[in-house]
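Being a predicted model, the structure only gives us computed values, none of them experimental.
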Amino acid sequence: MGIALERWIEAVRSGRPGGVGAEAWSVYAVERRRLSIGTRDGATGNAHTPLRVSESLAARYVVAWEDGKISRGSLERRQIADDPDAALERARDAAYVDPDAARVSGPARFPDVELHDDRVVGLIDGDLDLVGRRLARVRETLAANDFGTWSGSIAAAESRSRLVTSIGLDVEDRATSAGWHVSFDGEWGDGFSARSLDDEPAFELRLNRAAEIVRLLGQPQPAMPPGVHPVVVHPHVVERLFMATLLQSLEGSSVAHGDGFFKLDEFGSDRPALRDDLSLTLDPTKPLRNGSYRFTAEGVPAGRCELVSNGCLRTPILDLKYANRLGLDPTPVPYGMDTLDLGASESVSESNAYAMAEGGALILSVLGVHTLDPASGDFSLSAPQALILGSGGPQGRIRTTISGNIFAVLRDKTLHLVRYPNEPTPGLLFPCHLNPT
Amino acid sequence: MAGSVIGELEGLGSLGREMGRRARQDGLMLIWRAQVREVRHVLVRDGRPEDTSHTSSSGHGVHVFTDEGRTALASRDDFAPETAIDLLRRAANAARRSAALGSRSSALPQLDPVVESAIPASAEAFDRLDLSLLSARLAEIEREVAGKVAGVSLRVSFLADLDGWRIMRSDGTDVTFVMPRCVLRLGATSTGRDGTHGVGVAISGPDPGLPWDDAEVAVFLRRAIRAAQLARDLPDAPAHPAGSFPLVIDYALAKGLAHEAFGHAAEADGFRSSILAADGRFRSGERVGPSHVSIVDEPVAGDHAWQPFSANGIRRERAVVVDHGRLRDGLSDPWSASEGGVRLTGSARAGSFRAPPLPRMSNIRIEVDDPLAAPGSFDDYGPAEVRDLLVSAGILKRHPRVVFLSGYSGGQVNTATGDFVFNCKAIYELSGDGVRLHKPAIFSGSMFGALGAIREAFGPLVLDALGTCGKWGQSVPSSGGSHYFLFLEPDPLVRIGGKD
């Protein structure tokens, strides 16, 4: 059975708050139930990390009024179910003039995308055996490596969504999501999240790699002198620092207002904005990824979308409003890093990258990414978890700061993409300014 | 007439009492958290509204503890009595089943019941905020800034957030508090020969009339114009060399230092891995800084991060984290205080009714004994005036070049290692030759090195540096400050990033 939006829909169709009716509207609702448990410093399920179960229903709406104003906002469960008329009046009170935002989607062909895994539903329904087994494996790994403590979490959720518009679109979906994260000794950790659980071998691989890295972080090494050195940036850092900044710069609002790194006239140009073999492609139709979906909250069908190819900017990431404003077609939007593919004409394996970067460092985490100014692309960050790269690969810990410019790195002729097993995002190998402390 | 948030909370008493009665009947300790929140937001760009919204979110969290000390938290986004009772049953089942996952059993804390409420007078004004008038007012403010600084892309926004909680426990506790928070914000971005830079500035207050308060708007405009000028100048400014330098930081950066470097490490739920604890217990009494420096956390009335009670229904107390150079209080809740060897300070806050409360900061500040005078208000001080302060204090004789880090743009800490990092909005090199602007860079290092480096302070305390703290994925407002400016001697453990 679908989410009951009929009371809200009826209110929008028939209501005339302030004497003004709706000309067009859309409403996107998501009903979700979720289970999670945390561990903090070895204590699982205590007052700070309890076993949690939660239920929610929320919706986002757009109403384009007859007088040209629009209202955009969100609804909570009680407004959807019990009090839609008052919610509509409130929406009208917040109406404003924004012709670009007045568009809603009509019926379309939506691709079939695998989004649901019954095993995740079993977990939410109380089959906690798998959670118990994984917690036990983490505790065994902790003991085997003689670590002092660990922290982490496991979560699972199931959601139903429904999108209805005034011009005949009415589409529904069901999806699951599951994830875990583990860190040892407060130093470093790894995890996985997707619309399905990872299998046991993949879980073991990640857990053991995290333990190996933390073991190496426990072995301080003399650092190299300050200066430019080869670094391999781990995929976790690539996602948080490079991909996040790149996506922010491609966002339609930032391009339309001219306050991001990329300017509107660069899109569609043959002049590369990044190195001329780099590409960035979004594909939310990949099965069971964290960022997989069939349709966006506005009704744009999922599909493969080239954002950057041959270093050239193809399109900003455009929701309906900014597509209207820029006179371009709306695009799918990224809901997770695992449906984005950063590619180059060549990439190197993890072990080759370590050999190529001998004498440099593997950067495993950085502090302060959220403090950067994405418009400039400049970064100057502390990397307290870094490993020096010796003849046999990562060897022991150094602490350093790293600095440079994200877009300069992505234009660098000597940049290499580094493929890591089970990681959708590559690592990056490039010369970087290091200031070891 | 009571405001809608307040009226809603007042109507929840019978449901909360019934939940408590049923919990007692089942041999459970219950902490029931009901939250009603209304957020109004307007963003203006180029003289017109770019986004306007009025959203509400509400619901309750049922946090149960069995007599064996097992716990679970169930939540739902409505207050329907039938589903609430079912939620209690499911939370109790989950708590009992959590033993199979190796969950830790904790002794049930003995707490005194509290029946109190704290609802600031400004809370009722939120319902009268007219978003159309607000849009027009923000457009006026944007025009005023644009008229003073050309060639800069501006966005002006106002957030009025009324966050109401009612905490009821099965021991009879019934605490209601409503936190009014308003933030007037400007973002300025400019592109020059050497790239694009953005600078933000904000003021906060508890009253939704903030954009019409002449005195507050005058302060805002002064800061906004300065931020827009900085955004215009930064793209062509050089990067500052990396290394350790004599530093001046303003009160917003000092708040960042207190919050990131010491505050998080003093949160008692993390003592098993905090550098300020040994074997899970706070290192109370140990010297961690010079004897003229203290760090204090407490809720301040009218402040952005004011919260008078914990999310467990306990009155929040002042905590002196560092008392004249020595560790004294941790930030604790009933499940971490005795285990961590600190007194209970009622410091738990929750990001929403769905989240388990965690010990966290409210308004945290660095206090220095015998600060030097800095006449006038903080906003009277640009980099040239700061340089004059250093000259008058003889600091530029001691250090011919001093690096002034201005404005706070966020930070992060690793409480296990004591590594902290935060970023500024601009760097000025102050010397006998004058003032030179550089691009911002990260300020990072060891928390002990940074605290130990503080030597002089200038001016009275200013505590309105605002931010958002994202500990363990839960966002709550944070704030704090210090004296107008602090001077830090160069220390090899405290560095500015950048280029050689």
>> Between A/Thr371 and B/Ile442, is there a side-chain heavy-atom distance shorter than 4.5 Å?
In response: yes
> Checking heavy atoms, do the side chain of B/Phe65, its backbone, both or neither come under 4.5 Å from chain A?
Replying inline: side chain
> Looking at A/Gly368, A/Ser71, A/Gly148, which one has more heavy-atom pairs under 4.5 Å with chain B than the rest?
Replying inline: A/Gly368
>> Within this structure, what is the CG-CG distance for the pair B/Leu101 and A/Asp129, rounded to the nearest 0.5 Å?
In response: 9.5 Å
> Looking at B/Ser98 and A/Leu51, what are the two nearest heavy atoms and their distance?
Replying inline: CB-CD2, 4.3 Å
>> On a heavy-atom basis, which atom in A/Arg78 and which in B/Ser58 lie closest, and how many Å separate them?
In response: NH2-OG, 2.5 Å
> Quick one: what part of B/Glu50 sits under 4.5 Å from any heavy atom of chain A, side chain, backbone, both or neither?
Replying inline: both
> For B/Pro357, is it the side chain, the backbone, both, or neither that has a heavy atom closer than 4.5 Å to a heavy atom of chain A?
Replying inline: backbone
>> Please enumerate all residues that pass ring pair (Phe, Tyr, Trp, His ring centres under 6.0 Å) together with A/Phe407, with sequence neighbours excluded.
In response: A/Phe261, A/Phe262
> CG/A/Asn46 to CZ/B/Arg104 distance, rounded to the nearest 0.5 angstrom?
Replying inline: 7.0 Å
>> Among B/Asp51, B/Val413, B/Leu134, which residue has the highest count of heavy-atom pairs closer than 4.5 Å to chain A?
In response: B/Asp51
> Is the shortest heavy-atom distance from the side chain of B/Pro356 to the side chain of A/Arg52 under 4.5 Å?
Replying inline: yes
> Between B/His63 and chain A, which part of the residue has a heavy atom less than 4.5 Å away: side chain, backbone, both or neither?
Replying inline: side chain
>> Please check if the number of heavy atoms outside A/Arg411 that lie under 6.0 Å from its CZ is greater than 12.
In response: yes
>> Determine whether a donor-acceptor pair (N or O, by modelled atom type, separation under 3.5 Å) exists between the side chain of A/Glu76 and the backbone of B/Asp77.
In response: no
>> For A/Leu35, which atoms come within 4.5 Å of any heavy atom of chain B: side chain, backbone, both, or neither?
In response: neither
> Using a cut-off of under 4.5 Å for heavy-atom pairs, which of B/Ala416, B/Gly198, B/Pro492 has the most such pairs with chain A?
Replying inline: B/Gly198
>> So for B/Ala100, is it side chain, backbone, both, or neither that comes closer than 4.5 Å to the heavy atoms of chain A?
In response: neither
>> Heavy-atom cut-off 4.5 Å, strictly under: side chain, backbone, both or neither for B/Thr52 against chain A?
In response: both
> Highest number of heavy-atom pairs under 4.5 Å with chain A: which of B/Val62, B/Leu493, B/Asp333?
Replying inline: B/Asp333
> What residue, out of B/Asn312, B/Asp78, B/Val42, B/Leu234, has the most heavy-atom pairs lying under 4.5 Å from chain A?
Replying inline: B/Asp78
> Tell me, do A/Asp378 and B/His197 make a side-chain contact under 4.5 Å, heavy atoms counted?
Replying inline: yes
> Non-hydrogen atoms of chain A under 4.5 Å away: do they reach the side chain of B/Arg90, the backbone, both or neither?
Replying inline: side chain
>> Looking only at heavy atoms and a cut-off of under 4.5 Å, which of A/Leu57, A/Thr39, A/Leu75 has the most pairs with chain B?
In response: A/Leu57
>> So which residue, B/Gly445, B/Ser444, B/Ser273, B/Ala188, ends up with the most heavy-atom pairs under 4.5 Å with chain A?
In response: B/Ser273
> Using non-hydrogen atoms only, which part of A/Val369 is less than 4.5 Å away from chain B: side chain, backbone, both, or neither?
Replying inline: backbone
>> For a quick check under 3.5 Å, do B/Asp269 and A/His48 share a side-chain donor-acceptor pair by atom type?
In response: no
>> Need one label for A/Arg133: side chain, backbone, both or neither, based on atoms under 4.5 Å from any heavy atom in chain B.
In response: neither
> Once you round to the nearest 0.5 Å, how far does CZ of B/Arg495 lie from OG1 of A/Thr401?
Replying inline: 6.0 Å
Please report, to 0.1 Å, the donor-acceptor pairs under 3.5 Å made by any side chain of residues 90-98 of chain A, with sequence neighbours excluded.
residue, atom, partner, partner atom, Å
A/Arg90, NH1, B/Ser56, OG, 3.1
A/Arg90, NH2, B/Glu38, OE1, 3.2
A/Arg90, NH2, B/Glu38, OE2, 3.0
A/Arg92, NH1, A/Asp67, OD1, 3.3
A/Arg92, NH1, A/Asp67, OD2, 3.3
A/Arg92, NH2, A/Asp67, OD2, 2.5
A/Asp98, OD1, A/Asp100, N, 3.4
A/Asp98, OD1, A/Arg325, NH2, 3.4
A/Asp98, OD2, A/Lys321, NZ, 2.7

> To the nearest 0.5 Å, how far apart are CG in A/Leu367 and CZ in B/Phe420?
Replying inline: 10.5 Å
> Side-chain contact, heavy-atom cut-off 4.5 Å: A/Ser54 with B/Phe353?
Replying inline: no
> Are A/Glu187 and B/Thr417 close enough that some pair of their side-chain heavy atoms sits under 4.5 Å apart?
Replying inline: yes
> Does any non-hydrogen side-chain atom of B/Thr191 lie less than 4.5 Å from one of A/Lys263?
Replying inline: yes
> Where does B/Ala348 contact chain A at under 4.5 Å (heavy atoms): side chain, backbone, both or neither?
Replying inline: neither
> Looking only at heavy atoms, which two atoms of B/Ala72 and A/Pro50 are closest? And how far apart?
Replying inline: CA-CB, 4.0 Å
>> Given heavy-atom pairs under 4.5 angstrom as the criterion, report whether the side chain, backbone, both or neither of B/Lys439 touches chain A.
In response: side chain
> In terms of heavy-atom pairs under 4.5 Å with chain A, which of B/Arg155, B/Arg48, B/Arg354 leads?
Replying inline: B/Arg354
>> Looking at A/Asp259 and B/Arg45, is there a salt bridge between them, counting it only when a charged N and a carboxylate O are closer than 4.0 Å?
In response: yes
>> A quick test of your reading: do over 12 heavy atoms of other residues, nucleotides or ligands sit less than 6.0 Å from CZ of A/Arg60?
In response: no
> Using a cut-off of under 4.5 Å for heavy-atom pairs, which of A/Gly42, A/Gly258, A/Ala43 has the most such pairs with chain B?
Replying inline: A/Ala43
> Could you state the interatomic distance from OG (A/Ser380) to CD1 (B/Ile427), rounded to the nearest 0.5 Å?
Replying inline: 7.5 Å
> Yes or no on side-chain contact (heavy atoms from CB on, under 4.5 Å) for A/Leu381 and B/Val421, after CA distance, side-chain angles and deciding distance?
Replying inline: CA-CA 8 Å; A/Leu381 297 165; B/Val421 58; 5.7 Å; no
> Would you say A/Leu128 and B/Arg97 make side-chain contact, with heavy atoms under 4.5 Å?
Replying inline: yes
> Rounded to the nearest 0.5 Å, what separation is found between the CG atom of B/Asn414 and the CZ atom of A/Arg399?
Replying inline: 8.0 Å
